[in-house]
Amino acid sequence: MLEETYERHVVGDSFADEKHGLYVIRGENLVLLGEIDVEKDLAQKSLKQVSLDEIKAKKAALKQERAHDDEIRKKLAQQALGLGFDDCL
(Lines give C-alpha, C1' and ligand atoms only; values in the text may rest on other atoms or scores of the structure.)
Protein backbone atom coordinates (compact mmCIF):
# COMPACT_ATOMS: atom_id res chain seq x y z
CA MET A 1 0.00 0.00 0.00
CA LEU A 2 1.19 3.48 -0.83
CA GLU A 3 0.01 6.68 0.81
CA GLU A 4 -0.21 10.16 -0.74
CA THR A 5 0.31 8.94 -4.31
CA TYR A 6 0.19 11.09 -7.44
CA GLU A 7 0.13 10.29 -11.14
CA ARG A 8 2.02 12.77 -13.31
CA HIS A 9 0.54 13.44 -16.76
CA VAL A 10 2.98 14.98 -19.25
CA VAL A 11 1.99 16.40 -22.63
CA GLY A 12 4.64 18.30 -24.56
CA ASP A 13 6.19 20.82 -22.17
CA SER A 14 3.28 20.79 -19.70
CA PHE A 15 2.43 18.53 -16.79
CA ALA A 16 -0.22 18.05 -14.14
CA ASP A 17 -0.27 15.85 -11.07
CA GLU A 18 -3.40 13.84 -10.30
CA LYS A 19 -3.77 12.87 -6.67
CA HIS A 20 -4.74 9.25 -6.05
CA GLY A 21 -4.19 9.20 -2.29
CA LEU A 22 -4.06 5.66 -0.91
CA TYR A 23 -3.05 3.23 -3.63
CA VAL A 24 -3.00 -0.55 -3.37
CA ILE A 25 -0.45 -2.26 -5.61
CA ARG A 26 -0.93 -5.85 -6.68
CA GLY A 27 1.79 -7.87 -8.37
CA GLU A 28 0.63 -7.32 -11.97
CA ASN A 29 0.39 -3.53 -11.46
CA LEU A 30 3.99 -3.04 -10.32
CA VAL A 31 6.36 -1.91 -13.06
CA LEU A 32 8.59 0.78 -11.59
CA LEU A 33 8.47 2.50 -8.27
CA GLY A 34 10.61 5.38 -7.09
CA GLU A 35 10.81 8.43 -4.91
CA ILE A 36 10.92 11.92 -6.40
CA ASP A 37 13.78 14.24 -5.48
CA VAL A 38 11.76 17.38 -4.71
CA GLU A 39 14.71 19.78 -5.10
CA LYS A 40 15.64 18.35 -8.49
CA ASP A 41 11.99 18.34 -9.56
CA LEU A 42 11.62 22.02 -8.71
CA ALA A 43 14.89 22.86 -10.51
CA GLN A 44 13.56 21.54 -13.84
CA LYS A 45 12.30 24.62 -15.68
CA SER A 46 11.58 22.87 -18.98
CA LEU A 47 8.14 21.67 -17.85
CA LYS A 48 5.38 24.00 -16.73
CA GLN A 49 2.63 22.92 -14.38
CA VAL A 50 -0.93 23.37 -15.59
CA SER A 51 -4.33 22.24 -14.33
CA LEU A 52 -5.40 18.64 -14.66
CA ASP A 53 -8.35 19.68 -16.84
CA GLU A 54 -5.99 21.45 -19.25
CA ILE A 55 -3.73 18.39 -19.51
CA LYS A 56 -6.72 16.11 -20.12
CA ALA A 57 -7.93 18.46 -22.89
CA LYS A 58 -4.44 18.45 -24.45
CA LYS A 59 -4.32 14.64 -24.27
CA ALA A 60 -7.73 14.35 -25.94
CA ALA A 61 -6.73 16.78 -28.71
CA LEU A 62 -3.48 14.89 -29.29
CA LYS A 63 -5.35 11.57 -29.43
CA GLN A 64 -7.82 13.00 -31.94
CA GLU A 65 -4.99 14.42 -34.06
CA ARG A 66 -3.21 11.05 -34.08
CA ALA A 67 -6.42 9.27 -35.09
CA HIS A 68 -6.88 11.74 -37.96
CA ASP A 69 -3.27 11.23 -39.08
CA ASP A 70 -3.71 7.45 -38.95
CA GLU A 71 -6.83 7.71 -41.10
CA ILE A 72 -4.96 9.79 -43.70
CA ARG A 73 -2.08 7.28 -43.73
CA LYS A 74 -4.54 4.44 -44.21
CA LYS A 75 -6.22 6.19 -47.13
CA LEU A 76 -2.89 7.06 -48.76
CA ALA A 77 -1.78 3.44 -48.43
CA GLN A 78 -5.01 2.28 -50.06
CA GLN A 79 -4.51 4.79 -52.86
CA ALA A 80 -0.91 3.64 -53.39
CA LEU A 81 -2.11 0.05 -53.68
CA GLY A 82 -4.90 1.05 -56.06
CA LEU A 83 -7.68 0.07 -53.68
CA GLY A 84 -10.43 2.51 -54.63
CA PHE A 85 -9.21 5.97 -55.51
CA ASP A 86 -12.66 7.51 -54.96
CA ASP A 87 -12.64 6.41 -51.30
CA CYS A 88 -9.25 7.98 -50.67
CA LEU A 89 -8.91 11.52 -49.35
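Within the 4.5 Å cutoff, the side chain of L22 has no heavy atoms near those of the L2 side chain. Within the 4.5 Å cutoff, no side-chain heavy atoms of E3 are placed close to those of T5. The side-chain heavy atoms of D17 and E7, taken from C-beta on, include no pair separated by under 4.5 Å.
Looking at residues two or more places apart in sequence or on another chain, you find a side chain to side chain contact (heavy atoms under 4.5 Å, CB included) between I36 and D41. Residues meeting the side chain to side chain donor-acceptor pair (under 3.5 Å) test with S14, sequence neighbours left out: K58. Among residues two or more places apart in sequence or in another chain, the side chain to side chain donor-acceptor pair (under 3.5 Å) test is passed with K59 by H9. With sequence neighbours excluded, the residues forming a side chain to side chain contact (heavy atoms under 4.5 Å, CB included) with D37 are E39, K40, listed by chain and number.
When hydrophobic side chains of Ile, Leu, Val, Met, Phe, Trp and Tyr are connected at separations under 4.5 Å, V11 ends up clustered with V50, I55, L62.
Counting all heavy atoms, side chain and backbone alike, Y6 lies closest to H20 at C-CD2, 4.2 Å.
Within the structure, the side chain to side chain donor-acceptor pair (under 3.5 Å) test picks out the following pairs touching residues 61-71 (sequence neighbours left out): D70-R73.
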Query raised in the report: Given the rule in the side chain to side chain contact (heavy atoms under 4.5 Å, CB included) test, do E18 and K56 qualify, once you have shown the distances and angles that lead to the verdict?
Result: CA-CA 11 Å; E18 180 178 10; K56 287 184 177 185; 4.2 Å; yes
